[in-house]
A.B. asks: 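Got a structure here, written out as structure tokens. Questions coming.
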Amino acid sequence: MSDSDDATATGPETATEAAAAVEAARKALEEAQAALAAATAQAEAEARAAAETAKAPAEAAPAEPVSAADAAAQVDATAGGPLDEAQVAAIRDGYAIEGAALEMGALVNGDARADVPVRIPLAMTNRHGLVAGATGTGKTKTLQVLAEQLSAAGVPVFAADIKGDLSGISVAGEASEKLLARTRGIGQDWQATAHPTEFYCLGGIGHGVPVRATVSSFGPLMLSKVLGLNKTQESSLGLVFHYADSNGLALVDLDDLRSVIQFLTSEEGKPELAELGGLSSATAGVILRELIAFASDGADAFFGEPEFDTAHFLRTTADGRGVVSLLEVPGVADKPALFSTFLMWMLADLFNDLPEVGDLDKPKLVFFFDEAHLLFRDASKDFLAAITQTVRLIRSKGVGIFFVTQTPKDVPADVLAQLGSRVQHQLRAHTPDDAKALRSTVSTYPTSGYDLGEVLTTLGIGEAIVTVMNEKGAPSPVAWTRLRAPQGSMDPAPAASIEATIAASPLMAQYGQVVDRESAYELLTSRMAAAEQAEAARSAEEDRAEAAERAARDAQKQQDAAQREYERRMRELQRRERTTTRTPTRSGGSRSGGSGGGLGGGLGDVVGDALGSRTGQTIVREVLRGIFGTLKRR
């Protein structure tokens with residue numbers, strides 16, 4: 001076949017293929033137009049639904065209306081997100097709340113979906129919660145967002161401000177283009193707002209109203225935790241507290257506790273605990289050494305009077321807003337066991353004082369427990385049991401607790417099981433331990449359309465995986481959420497502002513000055529001083545009695561010696577007398593008168609000589625003392 005024939009045969013085939021391609025393109029265009037029309041209609045419907053939801057009274061702040069174009073863009077964005085539209089609709093329905101709610105932010109599915117808000121029912125905040133995430137992922141700002149909305153809803157808030165960042169809640173924030181662009185993207189009507197704030201500090205270390213506790217109210221269990229005692233030492237410390245309570249010895253400060261321990265290991269105090277097993281010197285020595293180290297860290301300032309009444313944390317303002325109580329702890333940030341245990345004391349004190357109220361429309365107080373992993377680290381079984389019981393039962397007293405920490409595994413399983421809401425910021429998996437923690441975290445979430453192992457490591461700052469307890473008590477769907485921005489300052493409040501707030505506080509007059517009343521230290525010091533005086537008096541009396549007895553013995557010895565000397569002299573006198581009687585008279589006088597006179601004169605002379613001599617005088621004195629019991633004065 002010639003070349004012309006080949007060309008003729010190929011030409012019609014090429015034309016046919018071109019026509020078919022044109023027809024296919026036309027059909028594809030029509031299908032695309034139909035899909036666009038359907039998407040636009042769906043977007044308009046969702047926009048109307050979002051507008052109706054925004055008008056509902058359940059929302060704390062109405063979301064900005066979403067235009068059809070924006071909604072269409074959001075629908076288009078769904079194609080780039082991990083969830084399909086059915087899953088997005090399920091999340092929307094899961095967070096549709098009828099009552100008052102805390103606005104967390106908007107769903108992220110490729111981009112933020114302002115038409116799918118994520119909320120926590122206000123009534124469910126007393127079911128407790130967890131805010132977790134690596135350092136620098138936005139946990140503190142999330143805490144501030146929650147605290148601001150709780151305050152606006154009339155719920156008092158307590159939080160420990162470890163780094164000083166939360167103080168900005170007391171002053172209004174500052175707007176910026178970047179901030180407003182973010183808030184518009186999630187439907188947040190951002191307005192700079194300051195919230196009523198009270199500043200506290202532990203024992204006067206730092207800036208704020210001093211918060212102190214007595215050693216008695218702190219108790220042996222929590223004190224053992226903060227001292228790092230083992231089970232045997234903890235039991236012995238409990239015995240010390242029991243003795244002090246039974247004997248009216250007030251344990252106000254650490255000096256009181258030390259004095260009781262020293263007394264119970266002294267000779268006078270050992271019998272006091274004999275029936276209860278006693279307190280070994282070795283155990284007492286360990287406790288005393290730990291108390292000395294504890295005091296050297298500055299803990300002396302935390303214990304004392306006046307003891308703080310935790311009911312002050314439940315205050316509201318005249319306009320109905322809840323007071324945000326911030327405990328400043330930068331001064332004790334290097335003593336984590338101390339301040340975390342002190343926070344636990346506050347919770348325990350609230351638990352003991354508050355009445356049962358059951359389920360309320362809103363809690364009486366929400367307590368944020370920052371750096372919670374420090375509380376549970378190396379905790380004894382008894383201490384963990386006390387925490388678990390407090391978390392489980394304090395809900396019925398109208399108090400909600402939010403633990404803020406780095407990973408859920410920092411919180412014991414029994415406590416984690418009590419938490420209804422979870423806000424999980426980014427986790428990092430740079431080490432094998434991090435990877436293990438990530439897997440453990442993923443395993444605790446309900447089934448969702450996300451690959452949580454991947455999502456949790458790619459979350460941006462200010463984003464979190466959220467699941468909460470809905471109004472029916474069931475868990476809400478897992479939602480990747482772009483969180484709202486705080487309306488207070490995201491920077492620490494100026495020092496002058498903080499000082500002015502503290503100076504204006506009516507609580508400073510009540511708690512500003514330390515009160516040193518008579519307590520165990522003074523009572524035992526007085527008792528031991530009296531015992532020492534009595535012992536000194538007894539020793540002095542024994543010394544006097546011993547001296548008198550010794551003097552009596554010496555006097556008796558002298559008397560016996562004098563008696564012997566007297567008897568010896570008398571025997572000598574008698575011997576001389578017998579000798580004189582037998583000796584013939586040497587003189588030549590008359591026998592009749594001479595003999596009698598000689599005998600009488602001889603005996604008288606002998607007696608006179610004897611009595612006149614020094615020895616005779618000594619005999620006379622000794623005889624007189626034997627008769628009258630004393631020596632005759634010369």
A.B. asks: Hey, are the side chains of L122 and D361 touching, using non-hydrogen atoms and a 4.5 Å cut-off?
C.D. replies: no
A.B. asks: Using side chain to side chain contact (heavy atoms under 4.5 Å, CB included), reason through T481 and Q424 one step at a time and then give a plain yes or no.
C.D. replies: CA-CA 10 Å; T481 306; Q424 178 67 62; over 6 Å; no
A.B. asks: Under a 3.5 Å threshold, yes or no: a donor from one side chain and an acceptor from the other, between S325 and R315?
C.D. replies: no
A.B. asks: Backbone N or O of S167 within a donor-acceptor pair of the D161 side chain at under 3.5 Å?
C.D. replies: yes
A.B. asks: Taking A147's backbone N and O only, do any of them form a donor-acceptor pair with S151's side chain (distance below 3.5 Å, no angle check)?
C.D. replies: no
A.B. asks: Kindly indicate, with the supporting measurements, whether the criterion side-chain hydrogen bond (donor to acceptor under 3.5 Å, both in side chains) is fulfilled by D491 and S489.
C.D. replies: CA-CA 5 Å; D491 296 321; S489 174; 4.6 Å; no
A.B. asks: Please check if the side chain of E148 supplies one atom and the backbone of Q487 the other of a donor-acceptor pair under 3.5 Å.
C.D. replies: yes
A.B. asks: Give me the atom names and distance for the closest heavy-atom approach of E471 to M124.
C.D. replies: O-CE, 3.4 Å
A.B. asks: Shortest non-hydrogen contact from E198 to S505?
C.D. replies: OE2-OG, 2.8 Å
A.B. asks: Report yes if the side chains of Y243 and F263 come closer than 4.5 Å at any heavy-atom pair, otherwise no.
C.D. replies: yes
A.B. asks: Less than 4.5 Å apart, side chain to side chain, heavy atoms only: is that true for L350 and K397?
C.D. replies: no
A.B. asks: Can you name the nearest heavy-atom pair linking P156 to T316, along with the distance?
C.D. replies: CG-CG2, 4.1 Å
A.B. asks: If you round to the nearest 0.5 Å, how far is OG1 of T407 from NZ of K409?
C.D. replies: 4.5 Å
A.B. asks: Parallel under 30°, tilted from 30 to 60°, perpendicular over 60°: which one fits the rings of F303 and F342?
C.D. replies: tilted
A.B. asks: Could you give the distance from CD (E307) to CZ (F218), rounded to the nearest 0.5 Å?
C.D. replies: 11.0 Å
A.B. asks: Specify the closest pair of heavy atoms between L360 and G398, including all atoms of both residues, with the distance to one decimal.
C.D. replies: CD1-CA, 4.4 Å
A.B. asks: Between R258 and D255, does any NZ, NE, NH1 or NH2 come within less than 4.0 Å of an OD or OE carboxylate oxygen?
C.D. replies: yes
A.B. asks: For residues P121 and V468, determine if any side-chain heavy atom of one lies less than 4.5 Å from a side-chain heavy atom of the other.
C.D. replies: yes
A.B. asks: Apply side chain to side chain contact (heavy atoms under 4.5 Å, CB included) to L483 and V145, showing your working.
C.D. replies: CA-CA 9 Å; L483 300 168; V145 166; over 6 Å; no
A.B. asks: Does either side chain, that of S440 or that of S443, offer a donor lying less than 3.5 Å from an acceptor on the other one?
C.D. replies: no
A.B. asks: K139 vs D370, test: salt bridge (charged side-chain N to carboxylate O under 4.0 Å, His left out). Steps then yes/no.
C.D. replies: CA-CA 10 Å; K139 297 190 302 293; D370 204 359; over 6 Å; no
A.B. asks: List the atom of S476, the atom of T467, and the distance in Å for their closest heavy-atom pair.
C.D. replies: O-OG1, 2.9 Å
A.B. asks: Heavy-atom count around L393 CG within 6.0 Å, excluding the residue itself: above 12?
C.D. replies: yes
A.B. asks: Show, in sequence, the C-alpha distance, side-chain angles and deciding distance for T283 and S280, and conclude whether the side-chain hydrogen bond (donor to acceptor under 3.5 Å, both in side chains) test is met.
C.D. replies: CA-CA 5 Å; T283 299; S280 74; 2.9 Å; yes
A.B. asks: For the pair Q149 (side chain) and E103 (backbone), establish whether a donor and an acceptor sit closer than 3.5 Å, ignoring hydrogens and angles.
C.D. replies: yes
A.B. asks: Do the side chain of E328 and the main chain of H207 share a donor and acceptor less than 3.5 angstrom apart?
C.D. replies: yes
A.B. asks: For the backbone of G473 and the side chain of R127, can you confirm whether one donor and one acceptor N or O come within less than 3.5 Å of each other?
C.D. replies: no
A.B. asks: Do the side chain of K141 and the main chain of A485 share a donor and acceptor less than 3.5 angstrom apart?
C.D. replies: no
A.B. asks: Calculate, to the nearest 0.5 Å, the distance between atoms CG and OG1 belonging to L146 and T125 respectively.
C.D. replies: 9.5 Å
A.B. asks: Any non-hydrogen side-chain atom of V215 less than 4.5 Å from a side-chain atom of L257?
C.D. replies: yes
A.B. asks: For a quick check under 3.5 Å, do Q233 and S224 share a side-chain donor-acceptor pair by atom type?
C.D. replies: no
A.B. asks: Is a side-chain donor-acceptor pair under 3.5 Å present for T140 with D165?
C.D. replies: no
A.B. asks: Cut-off 3.5 Å, side chains only: do H425 and T142 have a donor facing an acceptor?
C.D. replies: yes
A.B. asks: Between OG1 of T197 and CD1 of I502, what distance do you get to the nearest 0.5 Å?
C.D. replies: 11.0 Å
A.B. asks: Starting from the C-alpha separation in whole Å, work towards a yes-or-no answer on side chain to side chain contact (heavy atoms under 4.5 Å, CB included) for H373 and F403.
C.D. replies: CA-CA 9 Å; H373 62 284; F403 293 98; over 6 Å; no
A.B. asks: Would you check if the side chain of H128 reaches a backbone N or O of V391 as a donor-acceptor pair within less than 3.5 Å?
C.D. replies: yes
A.B. asks: With distance as the sole test, does T390 use its side chain to make a donor-acceptor pair with the main-chain N or O of A386 at under 3.5 Å?
C.D. replies: yes
A.B. asks: With the threshold set at 4.0 Å, does a side-chain nitrogen-carboxylate oxygen contact exist between E541 and R544?
C.D. replies: yes
A.B. asks: Do the side-chain N and O atoms of D434 and T431 include a donor-acceptor pair separated by under 3.5 angstrom?
C.D. replies: yes
A.B. asks: So with a 6.0 Å cut-off around CD of Q513, is the heavy-atom count from everything else above 12?
C.D. replies: no
A.B. asks: Distance only, no hydrogens: is a donor on one side chain within 3.5 Å (strictly under) of an acceptor on the other, for T214 and S217?
C.D. replies: yes
A.B. asks: For D543, look at atom CG and say whether over 12 heavy atoms of other residues, nucleotides or ligands are found less than 6.0 Å away.
C.D. replies: yes
A.B. asks: Checking F376 against V415 for the side chain to side chain contact (heavy atoms under 4.5 Å, CB included) test, could you report, in this order, the C-alpha distance in whole Å, the side-chain angles of both residues, the deciding distance, and whether it holds?
C.D. replies: CA-CA 10 Å; F376 302 110; V415 176; 4.3 Å; yes
A.B. asks: Which atoms form the tightest heavy-atom contact between G238 and P220, and what is the distance?
C.D. replies: CA-CB, 3.8 Å
A.B. asks: What's the spacing between I169 CD1 and L326 CG if we round to 0.5 Å?
C.D. replies: 6.5 Å
A.B. asks: Please lay out, stage by stage, how F302 and F294 fare under the test ring pair (Phe, Tyr, Trp, His ring centres under 6.0 Å).
C.D. replies: CA-CA 11 Å; F302 308 140; F294 190 40; 7.6 Å; no
A.B. asks: Once rounded to the nearest 0.5 Å, what's the spacing between atom CZ of F241 and atom CG of L249?
C.D. replies: 12.0 Å
A.B. asks: Tell me whether the rings of Y511 and F308 are parallel (<30°), tilted (30 to 60°) or perpendicular (>60°).
C.D. replies: tilted
A.B. asks: Using side-chain heavy atoms (C-beta onward) and a distance below 4.5 Å, is Q418 in contact with R392?
C.D. replies: yes
A.B. asks: Considering only heavy atoms from C-beta outward, does the side chain of Q426 approach that of L456 to under 4.5 Å?
C.D. replies: no
A.B. asks: Can a donor-acceptor pair be found between the side chains of E356 and S396 at a distance below 3.5 Å?
C.D. replies: yes
A.B. asks: Determine whether L237 and L229 make a side-chain contact, defined as any pair of heavy atoms from C-beta on separated by less than 4.5 Å.
C.D. replies: yes
